[in-house]
Amino acid sequence: MTHLRSVVGMIVIAGALIASPAFAAKKYKGGAVKNGGVIQGSVIFEGKVPTLKVAIPAKDRSVCGNDREGPALMVGPKKGVGEVVVYIKKLKKGKPWAKKPATGPVLRNVKCRFEPHVQVVRKGKLTVINDDPILHNTHGFYGKRTAFNMALPKQGEKIKASLRRTGFARMECDAHAWMRAYVYVAKNPYWAITDASGAFSLTDVPPGKYTLVVAQGHLKAVEMPVTVKANGDEKLTIKLK
Amino acid sequence: MKYMMNATVAIATLSVLALGTISDASADTAACDLKIKLTDKAEMMEGGAHFKGTPGTAMAGMKMDKMPGMKKEAMAGMKMDKMPGMKKEAMAGMKMDKMPGMKKEAMAGMKGAHEVHDGQYGGTFFMAPNKTHHIEGIYSKDCGFRLVLFNAHTQPINVNRFGAFVKYIPEDEDTPEAFRILSPAHEGSVLKVSSNPKIKGEFDVELYVSFPGSDEPSMFNIRVKH
(Lines give C-alpha, C1' and ligand atoms only; values in the text may rest on other atoms or scores of the structure.)
Protein backbone atom coordinates (compact mmCIF):
# COMPACT_ATOMS: atom_id res chain seq x y z
CA MET A 1 0.00 0.00 0.00
CA THR A 2 2.85 2.35 0.92
CA HIS A 3 4.57 1.44 -2.33
CA LEU A 4 1.36 2.15 -4.29
CA ARG A 5 0.97 5.56 -2.62
CA SER A 6 4.57 6.45 -3.44
CA VAL A 7 4.08 5.48 -7.08
CA VAL A 8 0.85 7.48 -7.44
CA GLY A 9 2.52 10.52 -5.85
CA MET A 10 5.42 10.26 -8.23
CA ILE A 11 3.17 9.96 -11.28
CA VAL A 12 1.54 13.27 -10.39
CA ILE A 13 4.94 14.94 -9.95
CA ALA A 14 6.20 13.44 -13.23
CA GLY A 15 3.21 14.92 -15.03
CA ALA A 16 3.79 18.33 -13.50
CA LEU A 17 7.44 18.25 -14.61
CA ILE A 18 6.49 17.35 -18.17
CA ALA A 19 3.84 20.06 -18.33
CA SER A 20 6.35 22.77 -17.42
CA PRO A 21 5.95 25.93 -19.56
CA ALA A 22 9.75 26.40 -19.75
CA PHE A 23 9.73 25.98 -23.54
CA ALA A 24 7.43 28.96 -23.99
CA ALA A 25 10.24 31.50 -23.29
CA LYS A 26 11.42 33.61 -26.25
CA LYS A 27 14.96 33.22 -27.52
CA TYR A 28 17.57 35.95 -27.33
CA LYS A 29 18.44 37.63 -30.65
CA GLY A 30 22.04 38.74 -31.20
CA GLY A 31 23.20 41.31 -33.75
CA ALA A 32 24.86 44.69 -34.21
CA VAL A 33 24.34 47.21 -31.41
CA LYS A 34 24.08 50.93 -32.25
CA ASN A 35 25.35 53.48 -29.72
CA GLY A 36 25.91 50.79 -27.12
CA GLY A 37 26.82 51.86 -23.63
CA VAL A 38 28.82 50.39 -20.76
CA ILE A 39 27.76 49.37 -17.27
CA GLN A 40 30.71 49.05 -14.98
CA GLY A 41 31.48 49.27 -11.33
CA SER A 42 32.26 47.24 -8.30
CA VAL A 43 30.50 45.02 -5.81
CA ILE A 44 31.44 45.60 -2.18
CA PHE A 45 30.45 43.88 1.04
CA GLU A 46 29.17 45.70 4.10
CA GLY A 47 29.24 44.07 7.50
CA LYS A 48 30.95 41.10 9.04
CA VAL A 49 32.01 38.50 6.50
CA PRO A 50 30.20 35.21 7.28
CA THR A 51 32.35 32.14 7.84
CA LEU A 52 31.86 28.54 6.84
CA LYS A 53 32.79 25.61 9.04
CA VAL A 54 33.66 22.37 7.32
CA ALA A 55 33.84 19.12 9.28
CA ILE A 56 35.57 16.42 7.24
CA PRO A 57 34.71 12.79 8.06
CA ALA A 58 37.80 10.85 9.16
CA LYS A 59 37.60 8.42 6.24
CA ASP A 60 37.93 11.22 3.67
CA ARG A 61 40.67 13.30 5.32
CA SER A 62 43.49 11.84 3.25
CA VAL A 63 41.77 13.27 0.15
CA CYS A 64 39.73 16.20 1.44
CA GLY A 65 42.08 17.58 4.09
CA ASN A 66 41.24 18.37 7.68
CA ASP A 67 38.40 20.31 9.30
CA ARG A 68 38.57 23.97 8.42
CA GLU A 69 36.82 27.29 8.81
CA GLY A 70 37.06 30.15 6.37
CA PRO A 71 35.22 33.10 4.87
CA ALA A 72 32.09 32.25 2.87
CA LEU A 73 32.78 35.15 0.52
CA MET A 74 35.87 36.24 -1.36
CA VAL A 75 36.27 39.75 0.10
CA GLY A 76 39.36 41.81 -0.73
CA PRO A 77 41.17 44.42 1.42
CA LYS A 78 38.99 47.24 0.02
CA LYS A 79 35.80 45.24 0.66
CA GLY A 80 35.39 44.28 -3.01
CA VAL A 81 33.68 40.91 -3.49
CA GLY A 82 35.08 38.50 -6.06
CA GLU A 83 33.24 35.67 -7.83
CA VAL A 84 29.93 37.52 -7.97
CA VAL A 85 27.79 37.09 -11.08
CA VAL A 86 26.39 40.32 -12.51
CA TYR A 87 23.90 40.11 -15.36
CA ILE A 88 21.11 41.97 -17.11
CA LYS A 89 17.70 40.42 -16.72
CA LYS A 90 15.16 40.09 -19.54
CA LEU A 91 17.21 41.59 -22.34
CA LYS A 92 15.95 40.04 -25.58
CA LYS A 93 18.06 41.76 -28.22
CA GLY A 94 21.64 42.97 -28.22
CA LYS A 95 25.21 41.99 -29.05
CA PRO A 96 25.87 38.51 -30.39
CA TRP A 97 27.04 35.70 -28.15
CA ALA A 98 30.80 35.27 -27.98
CA LYS A 99 32.10 32.43 -30.14
CA LYS A 100 31.77 29.11 -28.31
CA PRO A 101 35.14 27.87 -27.06
CA ALA A 102 36.50 24.65 -28.56
CA THR A 103 35.95 22.80 -25.32
CA GLY A 104 32.74 23.10 -23.34
CA PRO A 105 32.42 24.16 -19.71
CA VAL A 106 33.91 21.89 -17.05
CA LEU A 107 33.26 21.42 -13.34
CA ARG A 108 35.94 19.47 -11.50
CA ASN A 109 35.83 17.72 -8.14
CA VAL A 110 39.32 18.40 -6.77
CA LYS A 111 40.26 17.50 -3.19
CA CYS A 112 36.57 17.64 -2.30
CA ARG A 113 36.12 21.16 -3.67
CA PHE A 114 34.50 22.24 -6.88
CA GLU A 115 36.60 24.06 -9.44
CA PRO A 116 35.71 26.58 -10.62
CA HIS A 117 33.60 27.79 -7.72
CA VAL A 118 31.61 30.16 -9.96
CA GLN A 119 31.16 30.09 -13.71
CA VAL A 120 28.78 31.29 -16.39
CA VAL A 121 27.77 28.97 -19.21
CA ARG A 122 25.21 28.75 -21.98
CA LYS A 123 22.39 26.24 -21.91
CA GLY A 124 23.68 22.76 -22.79
CA LYS A 125 26.22 20.30 -21.52
CA LEU A 126 28.52 20.70 -18.54
CA THR A 127 31.32 18.15 -18.19
CA VAL A 128 31.74 17.03 -14.58
CA ILE A 129 35.08 15.40 -13.74
CA ASN A 130 36.18 13.55 -10.61
CA ASP A 131 39.88 14.11 -9.88
CA ASP A 132 39.65 12.37 -6.50
CA PRO A 133 39.97 8.65 -5.72
CA ILE A 134 36.65 8.62 -3.83
CA LEU A 135 32.97 8.77 -4.75
CA HIS A 136 31.61 12.19 -5.60
CA ASN A 137 27.93 12.56 -6.23
CA THR A 138 27.50 15.82 -8.12
CA HIS A 139 23.95 17.09 -7.77
CA GLY A 140 22.85 20.23 -9.61
CA PHE A 141 19.81 22.23 -8.51
CA TYR A 142 17.74 25.08 -9.87
CA GLY A 143 16.39 26.31 -6.55
CA LYS A 144 14.90 23.19 -4.98
CA ARG A 145 14.51 21.35 -8.25
CA THR A 146 17.09 18.84 -9.41
CA ALA A 147 18.81 19.69 -12.69
CA PHE A 148 20.95 16.55 -12.69
CA ASN A 149 22.38 14.05 -10.24
CA MET A 150 25.45 12.11 -11.29
CA ALA A 151 27.58 9.52 -9.52
CA LEU A 152 31.31 9.71 -10.19
CA PRO A 153 32.76 6.80 -8.25
CA LYS A 154 36.18 6.61 -9.92
CA GLN A 155 39.13 8.95 -10.23
CA GLY A 156 39.25 10.43 -13.71
CA GLU A 157 35.58 9.73 -14.38
CA LYS A 158 33.98 12.24 -16.72
CA ILE A 159 30.24 12.70 -17.19
CA LYS A 160 28.29 15.19 -19.25
CA ALA A 161 25.45 16.80 -17.35
CA SER A 162 22.63 18.71 -18.98
CA LEU A 163 21.73 22.24 -17.95
CA ARG A 164 18.50 22.60 -19.87
CA ARG A 165 17.22 25.79 -18.28
CA THR A 166 18.66 29.24 -17.87
CA GLY A 167 19.10 30.62 -14.37
CA PHE A 168 21.30 30.19 -11.35
CA ALA A 169 22.21 26.56 -10.69
CA ARG A 170 23.73 25.37 -7.43
CA MET A 171 26.08 22.40 -7.42
CA GLU A 172 26.31 20.14 -4.41
CA CYS A 173 27.89 16.80 -3.63
CA ASP A 174 25.54 14.38 -1.89
CA ALA A 175 28.53 12.51 -0.48
CA HIS A 176 30.26 15.65 0.88
CA ALA A 177 27.73 18.12 2.20
CA TRP A 178 30.09 21.11 2.36
CA MET A 179 30.90 21.17 -1.36
CA ARG A 180 29.26 24.00 -3.29
CA ALA A 181 29.66 25.66 -6.67
CA TYR A 182 27.47 28.01 -8.66
CA VAL A 183 26.81 27.93 -12.38
CA TYR A 184 24.83 30.74 -13.97
CA VAL A 185 23.20 29.52 -17.18
CA ALA A 186 22.99 32.76 -19.10
CA LYS A 187 19.96 33.88 -21.08
CA ASN A 188 21.89 36.59 -22.92
CA PRO A 189 25.56 37.55 -23.32
CA TYR A 190 25.33 40.47 -20.86
CA TRP A 191 27.03 38.97 -17.84
CA ALA A 192 30.27 39.29 -15.90
CA ILE A 193 31.98 37.65 -12.95
CA THR A 194 33.61 40.15 -10.61
CA ASP A 195 37.38 39.97 -10.25
CA ALA A 196 39.19 39.76 -6.90
CA SER A 197 38.68 43.52 -6.35
CA GLY A 198 34.92 43.24 -7.01
CA ALA A 199 35.10 45.01 -10.40
CA PHE A 200 32.90 44.15 -13.38
CA SER A 201 32.07 45.57 -16.80
CA LEU A 202 29.26 44.95 -19.32
CA THR A 203 29.87 46.41 -22.77
CA ASP A 204 27.82 47.09 -25.92
CA VAL A 205 24.60 47.41 -23.98
CA PRO A 206 21.78 48.82 -26.17
CA PRO A 207 20.43 52.11 -24.76
CA GLY A 208 17.44 51.48 -22.52
CA LYS A 209 16.18 50.70 -19.03
CA TYR A 210 17.13 47.39 -17.49
CA THR A 211 17.26 45.39 -14.30
CA LEU A 212 20.75 44.44 -13.18
CA VAL A 213 21.05 41.32 -11.03
CA VAL A 214 23.94 40.72 -8.66
CA ALA A 215 24.07 37.14 -7.44
CA GLN A 216 26.41 35.44 -5.01
CA GLY A 217 25.71 31.91 -3.79
CA HIS A 218 25.77 32.62 -0.06
CA LEU A 219 23.76 35.85 -0.13
CA LYS A 220 20.39 36.90 -1.40
CA ALA A 221 20.57 38.18 -4.99
CA VAL A 222 20.25 41.97 -5.39
CA GLU A 223 18.26 43.50 -8.25
CA MET A 224 18.61 47.14 -9.23
CA PRO A 225 17.30 49.33 -12.05
CA VAL A 226 19.84 50.78 -14.43
CA THR A 227 19.47 53.16 -17.36
CA VAL A 228 21.96 53.02 -20.22
CA LYS A 229 22.21 56.12 -22.40
CA ALA A 230 23.48 56.10 -26.00
CA ASN A 231 27.28 55.65 -25.82
CA GLY A 232 26.94 56.16 -22.06
CA ASP A 233 29.11 54.87 -19.26
CA GLU A 234 27.16 53.93 -16.14
CA LYS A 235 29.36 53.60 -13.07
CA LEU A 236 27.85 51.72 -10.14
CA THR A 237 28.83 50.67 -6.67
CA ILE A 238 26.70 47.78 -5.52
CA LYS A 239 26.56 46.91 -1.86
CA LEU A 240 25.97 43.38 -0.64
CA LYS A 241 25.08 42.80 3.00
CA MET B 1 0.54 26.60 -27.66
CA LYS B 2 3.70 24.68 -26.76
CA TYR B 3 2.56 24.68 -23.16
CA MET B 4 -0.74 23.17 -24.26
CA MET B 5 1.14 20.49 -26.17
CA ASN B 6 3.29 19.72 -23.16
CA ALA B 7 0.22 19.48 -20.99
CA THR B 8 -1.43 17.13 -23.48
CA VAL B 9 1.64 14.90 -23.57
CA ALA B 10 1.69 14.94 -19.78
CA ILE B 11 -1.96 13.95 -19.51
CA ALA B 12 -1.48 11.17 -22.04
CA THR B 13 1.57 9.92 -20.19
CA LEU B 14 -0.24 10.05 -16.88
CA SER B 15 -3.16 8.11 -18.32
CA VAL B 16 -0.86 5.39 -19.58
CA LEU B 17 0.97 5.27 -16.27
CA ALA B 18 -2.25 5.24 -14.28
CA LEU B 19 -3.53 2.31 -16.32
CA GLY B 20 -0.30 0.56 -15.55
CA THR B 21 0.02 -0.81 -19.08
CA ILE B 22 3.73 -0.15 -19.23
CA SER B 23 4.48 -1.08 -15.65
CA ASP B 24 6.33 -4.35 -15.79
CA ALA B 25 7.88 -6.75 -13.39
CA SER B 26 8.14 -9.54 -15.93
CA ALA B 27 11.91 -9.66 -15.68
CA ASP B 28 11.43 -11.42 -12.35
CA THR B 29 13.36 -14.51 -13.37
CA ALA B 30 15.79 -16.50 -11.25
CA ALA B 31 18.71 -15.55 -13.52
CA CYS B 32 18.07 -11.90 -12.73
CA ASP B 33 18.01 -12.45 -8.98
CA LEU B 34 20.96 -10.62 -7.43
CA LYS B 35 20.64 -13.01 -4.46
CA ILE B 36 20.62 -10.18 -1.96
CA LYS B 37 20.36 -11.23 1.66
CA LEU B 38 18.12 -8.93 3.64
CA THR B 39 18.70 -8.94 7.37
CA ASP B 40 16.78 -7.66 10.39
CA LYS B 41 20.03 -6.08 11.57
CA ALA B 42 20.17 -3.87 8.49
CA GLU B 43 16.59 -2.72 9.11
CA MET B 44 17.54 -1.75 12.69
CA MET B 45 20.29 0.56 11.49
CA GLU B 46 19.92 4.11 10.25
CA GLY B 47 17.97 4.11 7.01
CA GLY B 48 16.26 0.82 7.88
CA ALA B 49 12.56 0.39 8.58
CA HIS B 50 13.03 -0.24 12.30
CA PHE B 51 15.70 2.30 13.14
CA LYS B 52 14.76 4.03 16.40
CA GLY B 53 17.66 6.43 16.83
CA THR B 54 18.06 10.00 15.73
CA PRO B 55 18.59 10.25 11.99
CA GLY B 56 21.96 11.65 10.99
CA THR B 57 23.81 10.45 14.06
CA ALA B 58 25.31 7.29 12.68
CA MET B 59 29.08 7.71 12.46
CA ALA B 60 29.04 10.56 9.94
CA GLY B 61 29.90 13.58 12.00
CA MET B 62 29.83 11.42 15.11
CA LYS B 63 31.81 12.71 18.01
CA MET B 64 33.46 10.84 20.82
CA ASP B 65 31.38 12.83 23.30
CA LYS B 66 28.09 11.61 21.85
CA MET B 67 27.79 7.87 21.98
CA PRO B 68 24.46 6.07 22.33
CA GLY B 69 23.85 4.43 25.67
CA MET B 70 26.66 6.22 27.49
CA LYS B 71 26.36 9.07 29.94
CA LYS B 72 27.99 12.34 29.03
CA GLU B 73 30.09 12.30 32.20
CA ALA B 74 31.49 8.92 31.33
CA MET B 75 32.43 10.17 27.91
CA ALA B 76 34.21 13.31 29.08
CA GLY B 77 37.82 13.28 28.04
CA MET B 78 37.51 9.69 26.97
CA LYS B 79 39.94 8.33 24.48
CA MET B 80 39.98 4.99 22.78
CA ASP B 81 43.04 4.03 24.78
CA LYS B 82 41.76 5.45 28.05
CA MET B 83 38.41 4.18 29.17
CA PRO B 84 37.17 4.61 32.73
CA GLY B 85 37.22 1.46 34.78
CA MET B 86 39.21 -0.55 32.28
CA LYS B 87 42.71 -1.85 32.58
CA LYS B 88 45.14 -1.12 29.80
CA GLU B 89 45.47 -4.81 29.07
CA ALA B 90 41.72 -5.12 28.60
CA MET B 91 41.81 -2.32 26.06
CA ALA B 92 44.38 -4.06 23.87
CA GLY B 93 42.76 -5.41 20.76
CA MET B 94 39.44 -3.83 21.64
CA LYS B 95 37.18 -3.05 18.72
CA MET B 96 34.48 -0.47 18.21
CA ASP B 97 31.86 -3.20 18.06
CA LYS B 98 32.77 -4.52 21.51
CA MET B 99 32.53 -1.80 24.12
CA PRO B 100 31.92 -2.42 27.81
CA GLY B 101 28.61 -1.25 29.21
CA MET B 102 27.02 -0.91 25.80
CA LYS B 103 24.30 -3.12 24.45
CA LYS B 104 24.89 -4.74 21.11
CA GLU B 105 21.83 -2.98 19.69
CA ALA B 106 23.21 0.39 20.71
CA MET B 107 26.40 -0.37 18.86
CA ALA B 108 24.53 -1.34 15.72
CA GLY B 109 24.44 1.68 13.52
CA MET B 110 27.79 2.94 14.73
CA LYS B 111 29.89 0.67 12.62
CA GLY B 112 30.98 2.24 9.39
CA ALA B 113 28.11 4.51 8.37
CA HIS B 114 29.05 5.96 4.99
CA GLU B 115 32.37 4.13 5.11
CA VAL B 116 31.49 2.15 1.99
CA HIS B 117 30.68 4.19 -1.08
CA ASP B 118 31.16 1.51 -3.71
CA GLY B 119 28.59 -0.32 -5.79
CA GLN B 120 27.94 -3.84 -4.56
CA TYR B 121 26.31 -5.33 -7.65
CA GLY B 122 28.17 -3.81 -10.58
CA GLY B 123 25.80 -0.91 -11.06
CA THR B 124 25.90 2.85 -10.54
CA PHE B 125 26.10 3.76 -6.86
CA PHE B 126 24.77 6.97 -5.33
CA MET B 127 24.42 8.50 -1.95
CA ALA B 128 20.83 9.66 -1.57
CA PRO B 129 20.22 13.40 -1.14
CA ASN B 130 18.72 12.63 2.29
CA LYS B 131 22.31 11.78 3.32
CA THR B 132 21.07 8.53 4.86
CA HIS B 133 20.31 5.99 2.20
CA HIS B 134 22.40 4.73 -0.68
CA ILE B 135 21.11 3.34 -3.92
CA GLU B 136 22.52 1.25 -6.73
CA GLY B 137 20.96 1.10 -10.18
CA ILE B 138 21.84 -1.89 -12.32
CA TYR B 139 20.77 -2.23 -15.94
CA SER B 140 21.08 -5.13 -18.30
CA LYS B 141 19.28 -5.97 -21.51
CA ASP B 142 18.04 -9.30 -20.16
CA CYS B 143 17.07 -8.24 -16.66
CA GLY B 144 16.03 -4.66 -17.23
CA PHE B 145 16.56 -2.03 -14.56
CA ARG B 146 17.05 -3.13 -10.97
CA LEU B 147 17.35 -0.84 -8.00
CA VAL B 148 18.90 -1.85 -4.67
CA LEU B 149 18.33 0.31 -1.59
CA PHE B 150 20.89 0.44 1.20
CA ASN B 151 20.88 1.79 4.74
CA ALA B 152 23.46 4.32 5.97
CA HIS B 153 25.93 1.44 6.38
CA THR B 154 25.57 0.28 2.76
CA GLN B 155 23.68 -2.83 3.80
CA PRO B 156 20.73 -3.77 1.57
CA ILE B 157 17.29 -3.10 2.99
CA ASN B 158 13.77 -4.04 1.99
CA VAL B 159 12.46 -1.89 -0.87
CA ASN B 160 8.79 -1.95 0.12
CA ARG B 161 8.89 1.52 1.70
CA PHE B 162 10.30 3.03 -1.49
CA GLY B 163 8.81 3.85 -4.87
CA ALA B 164 10.57 4.47 -8.15
CA PHE B 165 10.11 5.02 -11.83
CA VAL B 166 12.54 5.44 -14.68
CA LYS B 167 12.58 7.43 -17.86
CA TYR B 168 14.63 5.79 -20.62
CA ILE B 169 16.05 8.53 -22.85
CA PRO B 170 17.47 7.30 -26.16
CA GLU B 171 20.29 9.24 -27.87
CA ASP B 172 18.40 9.09 -31.14
CA GLU B 173 15.83 11.87 -30.93
CA ASP B 174 13.44 10.02 -33.23
CA THR B 175 13.04 7.22 -30.71
CA PRO B 176 10.52 8.18 -28.05
CA GLU B 177 11.36 8.29 -24.37
CA ALA B 178 9.76 5.59 -22.26
CA PHE B 179 8.49 5.66 -18.70
CA ARG B 180 8.55 2.53 -16.56
CA ILE B 181 7.36 2.03 -12.99
CA LEU B 182 9.52 -0.22 -10.85
CA SER B 183 7.92 -2.95 -8.75
CA PRO B 184 9.28 -4.90 -5.79
CA ALA B 185 10.77 -8.26 -6.75
CA HIS B 186 12.86 -11.09 -5.32
CA GLU B 187 11.24 -10.91 -1.89
CA GLY B 188 11.59 -7.17 -1.57
CA SER B 189 15.32 -7.07 -2.24
CA VAL B 190 15.05 -4.99 -5.42
CA LEU B 191 12.74 -2.68 -7.31
CA LYS B 192 12.70 -3.85 -10.86
CA VAL B 193 11.37 -3.19 -14.35
CA SER B 194 11.96 -4.60 -17.81
CA SER B 195 14.36 -3.14 -20.35
CA ASN B 196 13.12 -1.27 -23.39
CA PRO B 197 13.79 -3.37 -26.50
CA LYS B 198 13.26 -0.34 -28.76
CA ILE B 199 16.31 1.47 -27.38
CA LYS B 200 19.57 0.59 -29.09
CA GLY B 201 23.11 1.48 -28.04
CA GLU B 202 23.90 3.95 -25.26
CA PHE B 203 21.14 5.80 -23.53
CA ASP B 204 20.36 7.81 -20.42
CA VAL B 205 18.16 6.78 -17.55
CA GLU B 206 16.48 9.30 -15.34
CA LEU B 207 15.64 7.47 -12.16
CA TYR B 208 13.14 8.94 -9.72
CA VAL B 209 13.10 7.46 -6.22
CA SER B 210 10.63 8.27 -3.49
CA PHE B 211 12.29 7.98 -0.08
CA PRO B 212 10.29 7.53 3.13
CA GLY B 213 9.50 10.88 4.74
CA SER B 214 10.01 12.90 1.57
CA ASP B 215 7.18 14.46 -0.41
CA GLU B 216 9.08 14.61 -3.67
CA PRO B 217 11.04 11.92 -5.47
CA SER B 218 14.77 12.44 -5.94
CA MET B 219 16.20 12.24 -9.42
CA PHE B 220 19.36 10.37 -10.40
CA ASN B 221 21.04 10.26 -13.83
CA ILE B 222 22.54 7.02 -15.06
CA ARG B 223 24.30 6.48 -18.39
CA VAL B 224 23.77 3.00 -19.77
CA LYS B 225 26.39 1.51 -22.09
CA HIS B 226 25.84 -2.00 -23.33
Side-chain angles (χ1 to χ4, degrees), chain A residues 1-26 53-60 67 128 132-141 144-154 157-162 172-178, chain B residues 1-3 5-11 13-14 17-18 20 23 59-63 112-115 117-119 124-131 135-137 159-165 167 179 181-184 191 204 206-212 215-223:
Chain A
M1 189 61 191
T2 312
H3 175 71
L4 188 68
R5 266 213 312 268
S6 302
V7 168
V8 171
M10 282 192 304
I11 289 169
V12 172
I13 290 158
L17 288 172
I18 298 160
S20 159
F23 295 109
K26 278 185 186 171
K53 253 186 183 176
V54 174
I56 313 280
K59 73 178 176 76
D60 289 336
D67 293 358
V128 184
D132 294 335
I134 53 172
L135 170 81
H136 283 300
N137 198 156
T138 308
H139 195 160
F141 294 88
K144 287 183 180 176
R145 191 182 296 176
T146 289
F148 64 84
N149 185 0
M150 309 274 199
L152 297 113
K154 290 175 200 155
E157 189 137 16
K158 205 183 272 188
I159 291 181
K160 286 197 181 215
S162 288
E172 297 186 5
C173 175
D174 284 338
H176 304 100
W178 65 88
Chain B
M1 188 60 189
K2 277 184 181 172
Y3 176 76
M5 274 168 62
N6 287 333
T8 310
V9 171
I11 291 163
T13 310
L14 285 171
L17 290 172
S23 171
M59 214 63 182
M62 194 173 143
K63 290 178 183 173
H114 303 294
E115 288 287 324
H117 275 171
D118 301 310
T124 309
F125 184 86
F126 290 86
M127 180 147 167
N130 64 15
K131 309 283 189 282
I135 68 161
E136 185 171 353
V159 299
N160 286 335
R161 293 180 300 136
F162 301 82
F165 69 87
K167 184 163 87 168
F179 287 88
I181 299 170
L182 282 74
S183 308
L191 286 169
D204 291 307
E206 267 181 21
L207 164 70
Y208 292 83
V209 182
S210 165
F211 292 92
D215 295 335
E216 291 177 27
S218 300
M219 192 261 267
F220 303 85
N221 298 105
I222 297 171
R223 181 91 179 139

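Order of the sequence lines fixes the chain letters, A, B, ..., with proteins taken first and strands second; residue numbering starts at 1 for each chain. Keep in mind that this is a model prediction, so the values were computed, not measured. Both backbone and side-chain heavy atoms feed into the values below; hydrogens, waters and symmetry mates do not.
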Is it the side chain or the backbone of Ala161(A) that comes within 4.5 Å of chain B heavy atoms, both, or neither?
neither
Go through the atoms of Ala55(A) and report whether side chain, backbone, both or neither lie under 4.5 Å from a heavy atom of chain B.
neither
Crowding at NZ, Lys131(B) (>12 non-hydrogen neighbours, <6.0 Å):
yes
side-chain hydrogen bond (donor to acceptor under 3.5 Å, both in side chains) involving Asn137(A) - partner list, sequence neighbours excluded:
Asn149(A)
I'd like to check the side-chain hydrogen bond (donor to acceptor under 3.5 Å, both in side chains) partners of Glu172(A); sequence neighbours left out, ordered by chain and number.
Arg170(A)
Chain B shares the most heavy-atom pairs under 4.5 Å, among Met150(A), Lys59(A), Lys144(A), with Lys59(A)
With under 30° as parallel and over 60° as perpendicular, where do the rings of Phe220(B) and Phe211(B) fit, or are they tilted in between?
perpendicular
Looking at Ile159(A), Thr146(A), Asp60(A), which makes the most heavy-atom pairs under 4.5 Å with chain B?
Thr146(A)
